[in-house]
Amino acid sequence: MQTSTTTPAVRPRRDRTHYLYLAVIVAVLAGIVVGFAVPELAKELKPLGTGFVALIKMMISPIIFCTIVLGVGSVRQAAKVGKVGGLALGYFLVMSTVALAIGLVVGNLIHPGAGLRLNAELAGAGQEAAGGSSEGTVDFLLGVIPTSLLSSLTGGEVLQTLLVALLVGFAVQGMGSRGEPVLRAVGVIQRLVFKILAMIMWLAPIGAFGAIAAVVGATGLDALKSLVQIMLGFYATCLVFVVVVLGLLLRLVAKISIFSLLRYLGREFLLIVSTSSSESALPRLIAKMEHVGVSRPVVGITVPTGYSFNLDGTAIYLTMASLFIASAMGDPLSVGEQVSLLVFMIIASKGAAGITGAGLATLAGGLQSHRPDLVDGVGLIVGIDRFMSEARALTNFAGNAVATVLVGTWTGEFDREQARAVLAGERPFDETTMVDDDHGADDAPTADDAASVGDRPAAEPARVGS
């Protein structure tokens, strides 16, 4: 009788993905070594990183579509969805303003850029960046509307997918019980999509190696020596914003430590650092926010919308980079110029989150429209923009994770007990399916759900001790 209680079958399987992310760290270090040792060869490895990010982006639209349709379609009152969206957009506007103000204050305190010289080569790089500047606000709004209902799933535009998914979700909601077969079908597709994503993640070490080797080989140390001040200042500002501003909000509203949440998202941060794109971690953020206790409707609306409108890191970057360029060219911006230019940049930057290099194009476009004489100065930071892009992406990602928890708390759609258990390591995230069956879904569990849920509770005590 006693031996049956200690049968090996009760012990859970080890999480093999632990070795995957150790391999990513090794690959990043190897990429740095190769970048310095054989820079010409390292530059040729760039397609490895580009290909991996492309594979991740391939999965974003289907994941967003499934998540939102399941969330919105299972909610009985449409007003609940509107409340979530309104709270999220209001919060995004306030936090972008706060990030803008912090960037202005720090930029005016450290006066970055003084003493640098702009040569013809750097001026040409600045003009090239301006040529890829972001589109206007009207074009952006019209671009949210897809060519067709299905093109939103193939075009790779997050906001187009969000719009179509909301329409489908409301339509299914209006169908009542007749829409349940649609929800079950979308649920099966979601499982399939996350399974494919889990398979793609095993290519992360290869992608990280290629991406890091290429950027180190192309940049080297020359571009970093004279520009270390703005880099350190920017990184420090982003760190203060995340730990102090976001951390205080999270503690006061949700009673959660920012450090616990950041540790829970550690693998996603590593993925962002290795690819320099927060978009590569978007699917995993959706899955993890549901697992940590935020309901599926809140996650489905807040996370995709935040990727286009909650640009905390980009706001800080635009403010500090503008002051840096103006100071380096000996023509500092007045307070009035700072406010008008940077408010314009925040508006123009919508939709650019997660895309490597989009911040540089937005910066050049804003200077072109307000202070054309400063556009050449964009070339001063072209060499280090790749490294600053990492800090932008990390800050944007952390801001969206915190925003999801806060909106969930304000709308009563956040399971604090689940969050405590998850952040304490008692209920590990399922890396194999990335689908949480116990939390985040408003619809009734199916027989398949019951079978998969049965794996966890019985083994929970054993997992804590393993």
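For the numbers below, each heavy atom of this structure counts, side chains included, while hydrogens, waters and symmetry mates do not.
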4.5 Å side-chain heavy-atom contact, V298 and F414: no
Measure across S61 and T161 and return the closest heavy-atom pair with its distance rounded to 0.1 Å. OG-OG1, 3.2 Å
Do V240 and I102 touch side chain to side chain, with heavy atoms closer than 4.5 Å? no
Nearest 0.5 Å please: distance from the CG atom of L406 over to the CH2 atom of W410. 4.5 Å
Using a 3.5 Å distance criterion without hydrogens, assess whether the side chain of T319 forms a donor-acceptor pair with backbone atoms of I316. yes
Report the C-alpha separation of I206 and F52 in whole Å, then their side-chain angles, then the decisive distance to 0.1 Å, and conclude whether the side chain to side chain contact (heavy atoms under 4.5 Å, CB included) test is met. CA-CA 8 Å; I206 299 175; F52 174 72; over 6 Å; no
Closest approach of F397 to A281 (non-hydrogen atoms, all atoms of both residues): CE1-CB, 3.6 Å
For G35 and A42, work out which heavy atoms get closest and say how close. CA-CB, 3.7 Å
Should I196 and M59 count as side-chain neighbours, where that means a heavy-atom distance under 4.5 Å? yes
Carefully, step by step, assess F209 and V26 under the rule side chain to side chain contact (heavy atoms under 4.5 Å, CB included). CA-CA 9 Å; F209 173 74; V26 173; over 6 Å; no
Distance (rounded to the nearest 0.5 Å) between R251 CZ and F259 CZ: 10.0 Å
Least distance between heavy atoms, A165 atom then V69 atom: O-CG2, 3.7 Å
To the nearest 0.5 Å, tell me how far L232 CG sits from L239 CG. 12.0 Å
Consider only side-chain N and O atoms of T302 and T404, and report whether a donor and an acceptor are under 3.5 Å apart. no
From L87 atom CG to T409 atom OG1, the distance as rounded to the nearest 0.5 Å: 11.0 Å
If you measure from CG on L249 to CD1 on I256, what distance do you get to the nearest 0.5 Å? 13.0 Å
Considering residues at least two apart in sequence or located in another chain, which fulfil the side-chain hydrogen bond (donor to acceptor under 3.5 Å, both in side chains) criterion with R420? E417
Using the ring of each side chain (for Trp, its six-membered ring), is H291 parallel, tilted or perpendicular to Y264, with breaks at 30° and 60°? parallel
Heavy atoms, side chains only, cut-off 4.5 Å: are T314 and L318 in contact? yes
Please check: side-chain N/O of R416 versus main-chain N/O of A254, any donor-acceptor pairing under 3.5 Å? yes
Would you say V98 and F241 make side-chain contact, with heavy atoms under 4.5 Å? yes
Taking side chain as C-beta onward, heavy atoms only, is C238 less than 4.5 Å from L394? no
When every non-hydrogen atom of Q160 is compared with those of I145, the smallest separation belongs to NE2-O, 3.8 Å
Any side-chain heavy atom of V242 sitting closer than 4.5 Å to one from L262? yes
Looking at every heavy atom in both C66 and Q190, which two are closest together, and how far apart are they? CB-CB, 3.8 Å
Is the backbone N or O of N396 less than 3.5 Å from a side-chain atom of D312, with the two atoms forming a donor-acceptor pair by type? no
Distance from T97 atom OG1 to L93 atom CG, nearest 0.5 Å? 5.0 Å
Can you find a heavy atom in the side chain of I286 that is under 4.5 Å from one in the side chain of E290? yes
Go through it in stages, so that I can follow the logic: the residues are K288 and V422, the test is side chain to side chain contact (heavy atoms under 4.5 Å, CB included), and I'd like the CA-CA distance, side-chain angles, deciding distance and then a yes or no. CA-CA 10 Å; K288 280 202 162 182; V422 169; over 6 Å; no
Are V402 and Y91 close enough, and set up right, to give a side chain to side chain contact (heavy atoms under 4.5 Å, CB included), and what steps lead you there? CA-CA 11 Å; V402 171; Y91 170 81; 4.2 Å; yes
Mark yes or no for whether N400, through its side chain, and V303, through its backbone, hold a donor-acceptor pair below 3.5 Å. no
